[in-house]
Trainee: 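A single structure is presented below for examination.
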Number of protein chains: 2
Amino acid sequence: MPPNTSTDLKIACSNCNLREICLPVELTESEMHRLEDLSNNKRSYMSGGYLYRTGDRFRSLHAIRSGSFKTRVLHEDGREQVTGFLMAGEIIGLDAISTDFHTCEAVAMEDSEVCELPFTKLEELSREIPSLQRHLHKIMSREIVRDQGIMLLLGSMRAEERLAAFLLNLSQRNATHGMSATQFKLRMSRLEIGSYLGLKLETVSRAFSHFQDDGLIQVKARAVELLDLPRLRTLVGKS
Amino acid sequence: MPPNTSTDLKIACSNCNLREICLPVELTESEMHRLEDLSNNKRSYMSGGYLYRTGDRFRSLHAIRSGSFKTRVLHEDGREQVTGFLMAGEIIGLDAISTDFHTCEAVAMEDSEVCELPFTKLEELSREIPSLQRHLHKIMSREIVRDQGIMLLLGSMRAEERLAAFLLNLSQRNATHGMSATQFKLRMSRLEIGSYLGLKLETVSRAFSHFQDDGLIQVKARAVELLDLPRLRTLVGKS
DNA sequence: TAGATGACTTGATATATGTCAAAATGGTTG
DNA sequence: CAACCATTTTGACATATATCAAGTCATCTA
């Protein structure tokens, strides 16, 4: 299975005009209002800006309102590993609950906006609203499942399978957020894709070229069109 | 950083005689009793037995009381990836909260016992006991951090670094559970280690042999002794 | 205890991906 | 628009790990 649709949020975020896509369906009007109070703090980040850094004190989760972020963990010796690409509607910062400090850093890949979700308040509210509690648990669990999908990818797939899985995952998430499943612009460089997939950028580039030669995709720099979804899927499945 | 100390549990499990190691410190007597009611169901599994399988309906988390389990995800084409090795005191099943179905399977690596923690009840209780709620959140977050550590390992470390990180992680978890940090018996085969680390069993075996030739470890089949922890650590750190 | 079976080690060789280098392309800024 | 810089592509070559193949060693059962 490719890395899964990740933590797309259906929590809160009403003040952020994400009412329609971000709310758990089961809330009463009054619960809704309380949720709105929670998430009234909105912030903007320029491309390249840090939402948080490794070691920062944890206070809030963030719901991405627009734009996208990458998360990465840094190794002592300077090596870095991109651990996720997050887009609008997804929740970022779950790693930090564990120790009250962030264990990775989050960088905007384009100009982006987030809603702040103060965690203590979120916990309070979820004690009172069972459906919200369950929702929060699901979001965290989904992140675990997503990570295990990436472990599968990194541990047992070859370069082109990894890239195919990656493209299909982007495709699916784009579709989920109402965008095209077959045409999109990559927000990340070959280097970042390589880090995420455990490959060197040259290998990523060659895989892109090879897919294009095979008629699987059309790619020009960061503009990608998936021409043959079924064949991409079989590529991931078997080999 | 090597894969982190994983989800060692301090929840519940009083009836399971894990009172001393498993309880969040901050509970009152009455809260304690309620927790005990929660976790009164104990089960045994023989080596090779399934705690759950992919697709099983999710009802409970499980606290491992004794023994150990491996979790693995299966790829359509039959490839499998071991995603974790869990030992006594750790919590298993967090992946399933996401969809209410298990997304991986858990197999006992030796004769083992678990406490069942019915999740709905756990949620109820954690709505009423904030310190328990926070604890549950930390356990889930810790699993996320652990998985990201493994992603770093799989994505950016070479074979011997991976094995060194793996051994150091086992060492640390053993120590956490009051066992020797330098001498232990592996509960898993070279094949399983290889799957977990994204390597073939021959590569794992060669790395073991090489470490032994270098005086880093003493290894005979599954009995391992770490002879030079500092040098193992530098091996993981830089290269 | 012997025999059988699966686990592990070791060697020779193959191959996927990494490395190094150069050229082409695209985007950005004055 | 031009010049510049970063990004991407492509090629030639190097290497870590996989693959294939024996052979040895452990563990379990009869």
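Here the structure is a predicted model, which means the values were calculated and not measured. So that the names make sense, note that chain A is the first sequence line, chain B the second, and so on, each numbered from 1.
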Trainee: Looking only at non-hydrogen atoms, find the nearest pair between B:A207 and B:L163 and report the distance.
Mentor: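 Nearest heavy atoms, B:A207 then B:L163: CB-CD2, 3.6 Å.
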Trainee: Just jot down the ring pair (Phe, Tyr, Trp, His ring centres under 6.0 Å) partners of B:F58, sequence neighbours excluded, or say none.
Mentor: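 Checked B:F58 against ring pair (Phe, Tyr, Trp, His ring centres under 6.0 Å); matches are B:H102, B:F119.
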Trainee: Can you list every salt bridge (charged side-chain N to carboxylate O under 4.0 Å, His left out) pair that touches residues 214-232 of chain B, not counting sequence neighbours?
Mentor: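 Salt bridge (charged side-chain N to carboxylate O under 4.0 Å, His left out) check on residues 214-232 of chain B returns B:D228-B:R231.
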Trainee: Under 4.0 Å between any heavy atoms, over every strand shown, what does B:L201 touch: base, sugar-phosphate, or nothing? Just pick one.
Mentor: base
Trainee: Where is the tightest heavy-atom contact between B:G194 and B:V204, given as atom of each residue plus distance?
Mentor: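 Shortest heavy-atom separation between B:G194 and B:V204 comes out as CA-CG2, 3.6 Å.
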Trainee: Tell me the closest heavy-atom pair linking A:A88 and A:H177, and the distance in Å.
Mentor: O-CE1, 3.2 Å
Trainee: Walk me through it: do B:I193 and B:F208 pass the test side-chain contact (heavy atoms from CB on, under 4.5 Å)?
Mentor: CA-CA 11 Å; B:I193 296 173; B:F208 269 120; 4.1 Å; yes
Trainee: Identify whether any heavy atom of A:G194 sits under 4.0 Å from a base atom; if not, whether one sits that close to sugar-phosphate; answer base, sugar-phosphate or nothing.
Mentor: nothing
Trainee: Shoot me the first and last contacting nucleotide of DNA chain C against chain B, ordered 5' to 3', at under 4.0 angstrom to non-hydrogen atoms.
Mentor: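 The contact span of chain B on DNA chain C goes from C:dA7 to C:dA12.
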Trainee: Should B:R72 and B:Q81 count as side-chain neighbours, where that means a heavy-atom distance under 4.5 Å?
Mentor: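 A side-chain contact under 4.5 Å is absent here.
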Trainee: Nearest 0.5 Å, please: how far is CD1 in A:I144 from OG1 in B:T103?
Mentor: 9.0 Å
Trainee: Closest nucleotide of DNA chain C for B:M188 versus for A:E160: which of these residues is on the 5' side?
Mentor: B:M188
Trainee: Go through residues 202-217 of chain A and report each residue with a non-hydrogen atom lying under 4.0 Å from DNA chain D, sorted by number.
Mentor: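 A:E202, A:S205, A:R206, A:S209, in order of number.
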Trainee: Go nucleotide by nucleotide along DNA chain C from the 5' end; which of A:K220 and A:G198 gets its closest nucleotide reached first?
Mentor: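 The residue whose closest nucleotide sits nearer the 5' end is A:G198.
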Trainee: If you take all heavy atoms of B:Y196 and B:L154, which pair is closest and at what distance?
Mentor: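 Result for this residue pair: O-CD2, 3.8 Å.
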Trainee: Enumerate the residue pairs fulfilling salt bridge (charged side-chain N to carboxylate O under 4.0 Å, His left out) with a member in residues 177-199 of chain B, sequence neighbours excluded, ordered by first and then second residue.
Mentor: B:K70-B:E192, B:E110-B:R187
Trainee: First and last nucleotide of DNA chain D touching chain A, 5' to 3', heavy-atom cut-off 4.0 Å?
Mentor: D:dT7 to D:dA12
